[in-house]
There are 2 protein chains.
Amino acid sequence: MRFWVGEGELHVVKRGEGDDVVTTTPAAPDAVAVHELGDEPAVRERARAIPEAAVARLAVYLRVLSGLAEQNVTTISSEELSVAAGVNSAKLRKDLSYIGSYGTRGVGYDVDVLVSEIERILGLTRKHSVAVVGIGNLGHALANYGGFPSRGFPVAALFDVDPDLMGVPVGGIPVSHIDEIASVCAEREVSIGVIATPPPAAQAVCDRLVSAGVQCILNFAPVVLQVPDDVEVRKVDLAVEMQILSFHVARRADLASAEQAAVDAMNGTGMSGVDGVVIRP
Amino acid sequence: MRFWVGEGELHVVKRGEGDDVVTTTPAAPDAVAVHELGDEPAVRERARAIPEAAVARLAVYLRVLSGLAEQNVTTISSEELSVAAGVNSAKLRKDLSYIGSYGTRGVGYDVDVLVSEIERILGLTRKHSVAVVGIGNLGHALANYGGFPSRGFPVAALFDVDPDLMGVPVGGIPVSHIDEIASVCAEREVSIGVIATPPPAAQAVCDRLVSAGVQCILNFAPVVLQVPDDVEVRKVDLAVEMQILSFHVARRADLASAEQAAVDAMNGTGMSGVDGVVIRP
DNA sequence: TAATGTGAAGGAATTCACAGCC
DNA sequence: GGCTGTGAATTCCTTCACATTA
């Protein structure tokens with residue numbers, strides 16, 4: 001007999017750490033806690049205690065807090081921290097409330113406490129070995145970050161197809177052939193794969209990472225990867241970022257000309273670059 | 001006499017392109033269209049016709065569509081395109097509806113039409129010169145992308161402080177000293193600045209870019225930049241990306257143990273790694 | 001008194017579902 | 001019949017505002 005756990009239903013009290021709780025979505029009114037296989041919901045179970053957007057910000061808070069800790073700041077208010085992190089203070093407090101109540105009313109938060117709680121939530125207490133696939137310009141740069149941005153993400157393996165690169169150490173790690181991806185990833189316990197290949201190779205590389213058991217992928221290739229539901233993909237897409245900025249440049253220009261047109265209209269000098277300004281009642 | 005344009009009030013019919021309209025937020029009930037300076041709202045004017053999230057996806061659709069165009073695909077349905085872009089088809093149609101009605105019911109979209117409409121909206125019909133500041137590992141990689149991901153974003157200037165780098169060409173462009181940032185950016189009409197410096201230098205570099213008149217910044221330094229409201233910053237933060245993936249690894253592990261615990265509980269074998277399973281009524 | 005933590009309100013983005021058109 | 005375009009419903013996220021607590 002096998003069971004699965006339905007959404008919004010299971011609450012697990014973890015060992016240690018006081019009344020710390022893994023919570024799912026708010027209620028689930030008349031739900032039954034454990035179902036037999038057969039009436040599975042369409043989407044696979046997801047414990048959504050912490051909104052995705054909040055997770056990204058927690059990582060930012062962590063960095064700011066680490067900086068403060070190095071400067072021997074011991075306590076900080078939500079207001080100060082929110083300014084340093086570039087968010088509003090209510091949002092910051094709500095984000096922190098997702099991980100528990102570690103502040104002191106009238107005082108603020110203990111920096112060290114927050115650092116370790118956020119690290120715990122983000123799973124930074126374990127090591128996550130990284131494999132970089134595609135040792136071109138970008139792959140080199142990534143491998144040479146050495147230990148990858150902030151400790152805890154050691155680069156454990158490098159892969160490419162270029163025979164000239166095989167065995168060549170980059171950032172201290174010798175490059176392996178991509179055909180060895182399964183064995184090397186297993187052996188070195190890689191949990192995160194980074195794809196830095198040319199676009200045409202990306203999907204195939206992704207497939208091989210997935211069949212090697214890697215469930216988290218950071219994709220630098222400008223390609224939409226198709227993966228099974230249980231694999232998490234984050235992408236870093238320079239072209240998209242540039243194009244978003246381009247959109248804002250264009251929007252700014254449109255606004256400027258709209259404003260100019262409004263001024264012209266008021267001055268009765270006619271339109272310039274615009275055919276008409278329509279004003280809502 | 002100067003005027004500015006209030007939010008949700010100005011509608012501008014642009015030259016050419018049929019009934020194409022730059023629209024702001026839905027209503028703004030009793031608002032006046034043109035204000036004199038003095039009663040400015042707190043937040044600076046933003047024409048929000050297209051949600052930010054949709055803009056990012058439009059860039060992705062554009063890439064997929066360009067690929068299709070190269071394969072001489074002339075027509076595509078929202079369903080097919082949405083699969084290729086990794087989104088759901090209703091979202092795709094809604095996103096496309098923000099830019100106009102270019103589809104044909106019962107048929108689909110003309111690939112070339114969509115490509116040019118998206119390019120127009122994203123402002124890709126103009127050239128956007130890019131300056132890269134910080135010619136280390138990453139700066140090199142970026143400069144060597146040569147013309148930057150997808151045409152339309154030529155790298156026009158490189159800056160650093162290292163005397164050994166001055167004048168050295170990287171990706172065909174000689175490196176300038178950062179002290180020349182204002183004059184060089186003006187002369188080469190840089191509209192996008194890319195910060196690839198070490199973290200401690202990032203804010204100062206950002207300030208100099210801003211005073212050089214650059215209003216769009218892509219920041220690779222793991223630092224929260226403080227900028228005026230009229231400057232657009234996008235960040236690419238590897239540490240944050242890795243930590244989000246780490247969070248998912250951790251969540252997966254928690255889920256696995258929770259599910260295991262549920263199974264154990266049902267089997268009456270007691271808890272393993274969990275103190276109690278609390279089931280909501 | 002000062003600042004957290006959080007219901008509740010508000011807004012934005014997503015998804016549904018179907019009218020309208022080819 | 002098939003597919004777009006879009007109001008309406010829903011879900012998710014943000015912000016407000018204040019009761020609560022050290």
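- Without hydrogens or angle criteria, B:S246 side chain to B:M242 main chain gives no donor-acceptor distance under 3.5 Å.
- Remark: B:R57 is in phosphate contact with C:dT14, judged by side-chain N or O atoms under 4.0 Å from OP1 or OP2.
- For A:L92 and C:dT6, the CG to P distance is 14 Å, given to the nearest whole Å.
- Here the NZ-CZ distance, from A:K91 to A:R57, works out to 4.5 Å after rounding to the nearest 0.5 Å.
- The CG atom of A:L96 sits 15 Å away from the P atom of D:dT15 (whole-angstrom rounding).
- One finds a side-chain N or O of B:Y109 lying less than 4.0 angstrom from the OP1 or OP2 phosphate oxygen of D:dG5.
- A straight line from CD1 of A:I50 to P of C:dT6 spans 14 Å, rounded to a whole angstrom.
- A donor-acceptor pair under 3.5 Å is formed between the side chain of B:H128 and the backbone N or O of B:G123.
- The interatomic distance linking A:Y98 (OH) with C:dG5 (P) rounds to 14 Å, in whole Å.
- Test A:V236, A:N219, A:L218 against A:V194 for side-chain contact (heavy atoms from CB on, under 4.5 Å) and you get one pass: A:L218.
- A:K91 has a side-chain polar atom (N or O) that falls below the 4.0 Å cut-off from OP1 or OP2 of D:dT15.
- The CG-P distance, from B:L81 to D:dG5, rounds to 12 Å in whole Å.
- Per the geometry, NZ belonging to B:K94 stands 11 Å off P belonging to D:dA8, to the nearest Å.
- Nearest-nucleotide assignment on DNA chain D puts the 5′-proximal partner with A:N88, out of A:G106 and A:N88.
- In terms of position on DNA chain D, the residue among B:T104 and A:R93 whose nearest nucleotide sits closer to the 5' end is B:T104.
- Residue A:R105 places a side-chain atom within donor-acceptor reach of the base of D:dT20, judged by atom type and a 3.5 Å distance cut-off alone.
- Salt bridge B:R234/B:E52: present, at least one basic N to carboxylate O contact under 4.0 Å.
- The listed nucleotides are D:dC13, C:dG5, D:dC16; the one nearest the side chain of A:A90 is D:dC16.
- Taking the side chain of A:S101 as heavy atoms from C-beta on, and the options C:dT6, C:dT14, C:dA13, the nearest nucleotide is C:dT6.
- In this entry the distance linking OH of A:Y102 with P of D:dT21 reads 18 Å, nearest Å.
- Both A:S97 and A:V107 lie near DNA chain C, and the one whose nearest nucleotide falls closer to the 5' end is A:V107.
- Atom CG in A:D110 sits about 15 Å away from atom C1' in C:dA3, given to the nearest Å.
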